[in-house]
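Reckoned from all heavy atoms, side chains included, excluding hydrogens, waters and symmetry mates.
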Amino acid sequence: MNNKNLPLLMNQSKKGRKAISLPEIGVEKSSLPNSKFLRDNIDLPEVGQLDLIRYFTNLSSMNFSIDTNFYPLGSCTMKYNPKINEQLSSIQGFANAHPNQKDENLQGCLEVMYDLQNELGEITGLPGVSLAPLAGAQGEYAGLLIAREFHKYNGNDHKKIALIPDSAHGTNPASASMAGLEAVTIKTTSEGDIDIDDLKSKVNQDTAVLMLTLPSTLGLFEPNIIEITEIIHDNGGLVYADGANLNALLGITKFGELGIDICHSNLHKTFSTPHGGGGPGAGPVMVTKNLESFLPYPHVKKEKNNYETYTPKNSIGRLNGFLGSFGIVLRAYAYIRSLGSQGLKEISENAIINANYIQEKLKSHYTLTSSRNCMHETVLSAIKQKENGIKALDIAKKLLDEGFHAPTMYFPLIVEEALMIEPTESESKETIDQFIECMIKISELSENNPNEILNAPINLPVERLDEALAARNPVLTWKK
Amino acid sequence: MSEIPKSLKYSKDHEWINIEGNIATIGITQHAAESLGDIVYVDINSIDKELKQFDKFGEIESVKAVSDLYVPISGKVVETNQNLESNPEFVNDDCYDKGWIIKVQVNDSEELSNLLDATEYEKII
Amino acid sequence: MTSSPYIPSTDNDRKEMIEAIGVKNFEGLLTDIPKNFLFPELKLQDKLSEPELVEYFTELGNKNVASKIKTSFLGGGSYNHYIPSTVKAMIQRGEFLTAYTPYQPEASQGTLQVGFEFQSMIAQLFEMDVCNAGMYDGPTALAEAALMACRIKRNNKIVIHESVSEKLLDVLKSYSKWQDIEIIHADQINISKEEDLACLLVQSPDKNGEIIDVESFSDQIHEKNGLLIQHTYPTSLGLLKPPGSLNVDIATAEGQSLGVPLSFGGPYIGLLTCKNEYIRQLPGRIIGQTVDKNGKISFALTLQTREQHIRRESATSNICTSTQLIGLMVAVYVSTMGPHGIKHIAETCFHRAHYMAKKIDQIEGFNLLSKEFFNEFVIQTDISVSKINSFLLENDIEGGIDISANGKNLIMLAVTELNSPSNIEETLNLLGGLSE
């Protein structure tokens, strides 16, 4: 990795330098607005073009990425982001498509959206699909808004409770709160499955929705799923599935057939669109036929050979500025087209095999909290290593030193010193074996030479950071 | 083994309390501070408010966690430790002295009987 | 053999792994799934090889007028601006493109330092104290800003000025519907007679491109203990006074105009800036500067205790995404343009727009309605807007937005540095021809 010291642009800036040539104004000038509206000066860095390119290029080499490293972050599905999808999204007809242009003039864009709506509907078994949400969290929020509107429409305003398992991702209760729902926690068993008795004791006529992650955040499939969805439906509630872990279920099972009413999917996880350092993403929301009229704007329909955007009859409304993250939608659609039905099933099959292989090879070195085969990710615990003073965090830092990005740490919250490992189907057996070997070596080091782990990382551009300082004295912008 | 001064009383939520006259000084225990990690911010939103025993009086944040703070005795919050604004680490360094968090004007010191002494607190951690 | 280049495992690899796991076959790993629901039929479209993908998508692209137009006057929150070669080069770097959220800061200094530059440059452009690492888009940034004001002021009354577009109001409604929030239209009340308010939302340049005197609202909302929130258009800040010098407390914008392709509406980036005293209520990711254990300057996500993964139901928002990749585009754009480029682009947009507006006004049957505008203006016309736009499109020119209402034909046009003087002349000639 690049160890250069790269001063911020404002510290490299020199008056008079420029990085681009721009055309003259070229028309007769008009009088400017009143001086009270005019800006005095602009304080921004001035650098030449080569120095700029050099700066950002050097910065890029200070990153781990899927293109450069194995990145087994559990629940993030760090699979290969195909280069062809980048190329397709830069086709002029798409890159230059203006969102305020009329439907009839952008039939190509609408056809892409319509087809992806159908493909996602087929994959999840939930035919009502909106591509509007700009991220998983927004898709989840949309799902909850749909549930609330549905209940209100049926005169059931009193339904204000969201049942959420204690293993859930933080966005679940956060989204529930934004939707004005009260979050009630459902206990999970030591296997991470929903405790049916606890569920039965807490469900009632005020239950609006059960929020489930399937497979669970422990990477396990809920064996009682049919019974669970029946319990909720018997009480007039809806079941929402967080589709973050959909990479385990493509062609394996369909949400819609299991009694799930609403789900969202993360195009930047399951469907290979690039993570870009944290975003952008897209989080389409999928619903049963009878909830379709509540979908957010826009929905794309096809009449004869004409594609049109419209607002569904009981729509929850507009969630964002335009039509969704079209560039991301396009990439995801291209990905699905490049695989087809059989290809998608192979994706899940290989994701599951790879994760179980890692689980099998590491379960005698780390602590496995569940007793059964996992799906596309496995959760191990470093409690044994903690006895020698080595925590999940330390193991993560040592992995970085060895060129592997760390797995997800400390999630789910119900597992102590959790390490959630999701290899995905993109990785070769050789890479996986190297990772396994490294994890075993770290476990041995934790007994024989823990300091080597505690000092990690030492091979990266920076060593362990003082994150307390960053939070105590926040410095969030360049200062002179 | 974390320190648990015998002269103080404790709540189940890991606060300590020391009463002199009718003013109670309150903070969090070393066990709590250690669990949270490096403290980065203390947020008291109850200054001048009358609180009942075990009401929430604020929040304490570390890098990776946030915890609610509950008052171990009824009364009016009359003072907050201004030093914690620029030096939240006082809570980690010296939680029973320099790292005190609020002072409360106490109504009813009988409520102390609802709290734990050092030995009882040690048992629960 | 696997059917996909995206799956490296061979039959042999799978066989070895299944053996190591100790099950008979792949199905042996799926015992938790109810048998009746296992392996449902998937009826997707036929798969396409790579060359076939190119052919198929190129054909689809050609069904969009965007594939052939030579210039465009569409605006309305998304603008046709020049994207420098530096931006296009940097987002192709896989190290930026395929990295994840920087949870392990030691392995993500690239993403983090770029994000810090982004925060710094936007804060400087807006002259605000702090900017976060990016929201989904402009409208959601404004909605979150309003909710932020409600939390800060412990007040649920949001006043919305008529300068704010319908679309922004719609998104705000979606975000506040089920919370105990009251949205009040400014023209239906007298602010001075109200009790305390959480905030006043103002848009400038406004929904029709007009420049609003934002500072004039400062006293009235601050007297009600509320915050002044401005939604703006970043390109205009090369010429116009930035929010920080107008007594604005929170400022938001759609960042698309800073180096991001139109792409049929996304992915874009929401800019959210505020004064220092409010940083703990800021939603979204924030990058902070710190040092590593050797004292080397480095960057990390900070103030994470506001966020969903820690606060859960009391989080400032449910957002996990920070649109870092788009933030990278903006950071490269702004540093490529520099202060002179930003100013020059703004002046080019302003002067070309005013030139065109004046010339259209001189054409029989066309009337300029806008008074004080930046680069977007409204024309009233005798001819139907759809007729104008169809005619222009025949000449490979994308017209303006049809905002006709109350029996009046109204068209809104945006002019940028990508509308060359000759594009403008040609359009004027065509419009002149139409009016005859």
Go through the atoms of A:E86 and report whether side chain, backbone, both or neither lie under 4.5 Å from a heavy atom of chain C. side chain
Most contacts with chain A, counted as non-hydrogen pairs under 4.5 angstrom, among C:K296, C:Q179, C:Q113, C:E372: C:Q113
Is A:Y80 close to chain C through its backbone or its side chain, or both, or neither, when contacts mean heavy atoms under 4.5 Å? side chain
Mind ranking A:E360, A:R337, A:M10 by heavy-atom pairs under 4.5 Å with chain C and telling me who comes out on top? A:R337
Which atoms of C:L125 approach chain A - backbone, side chain, both or neither, heavy atom under 4.5 Å: both
Residue C:I287 versus chain A: region with a heavy atom under 4.5 Å: backbone
Please classify the contact of A:E111 with chain C as side chain, backbone, both or neither, using a heavy-atom distance under 4.5 Å. side chain
Residue among A:R148, A:Q138, A:K254 with most heavy-atom pairs under 4.5 Å to chain C: A:R148
For A:L8, is it the side chain, the backbone, both or neither that has a heavy atom under 4.5 Å from a heavy atom of chain C? both
Cut-off 4.5 Å, heavy atoms of chain C, and the answer for A:L460 is side chain
More than 12 heavy atoms of other groups within 6.0 Å of C:K343 NZ: no
Among the options A:N81, A:L469, A:I91, A:I353, pick out the one with the most heavy-atom pairs lying under 4.5 Å from chain C. A:I353
Quick one: what part of A:R372 sits under 4.5 Å from any heavy atom of chain C, side chain, backbone, both or neither? side chain
Counting only heavy atoms closer than 4.5 Å, note whether C:E117 contacts chain A via side chain, backbone, both or neither. side chain
Contacting moiety of A:L6, where chain C heavy atoms sit under 4.5 Å: both
Ignoring hydrogens and geometry, is there a side-chain-to-backbone donor-acceptor pair from C:K293 to A:D466 under 3.5 Å? no
Okay, A:Q49 and chain C: the region with an atom under 4.5 Å from a heavy atom over there is side chain
Checking C:K173 against chain A: side chain, backbone, both or neither under 4.5 Å from a heavy atom? neither
Heavy-atom distances under 4.5 Å only: say whether A:I84 touches chain C with side chain, backbone, both or neither. side chain
Examine whether an atom of C:A20 lies under 4.5 Å from a heavy atom of chain A, and if so say whether it belongs to the side chain, the backbone or both; otherwise answer neither. both
Cut-off 4.5 Å, heavy atoms of chain C, and the answer for A:P461 is both
Honestly, the part of A:T408 sitting under 4.5 Å from a heavy atom of chain C is neither
Side chain / backbone / both / neither for C:H354 at chain A, heavy atoms under 4.5 Å: both
Which atoms of A:T68 come close to chain C, meaning under 4.5 Å heavy atom to heavy atom: side chain ones, backbone ones, both, or neither? side chain
Less than 4.5 Å to any heavy atom of chain C: does that hold for the side chain of A:L181, its backbone, both, or neither? neither
With a 4.5 angstrom heavy-atom cut-off, which part of A:K79 approaches chain C: side chain, backbone, both or neither? neither
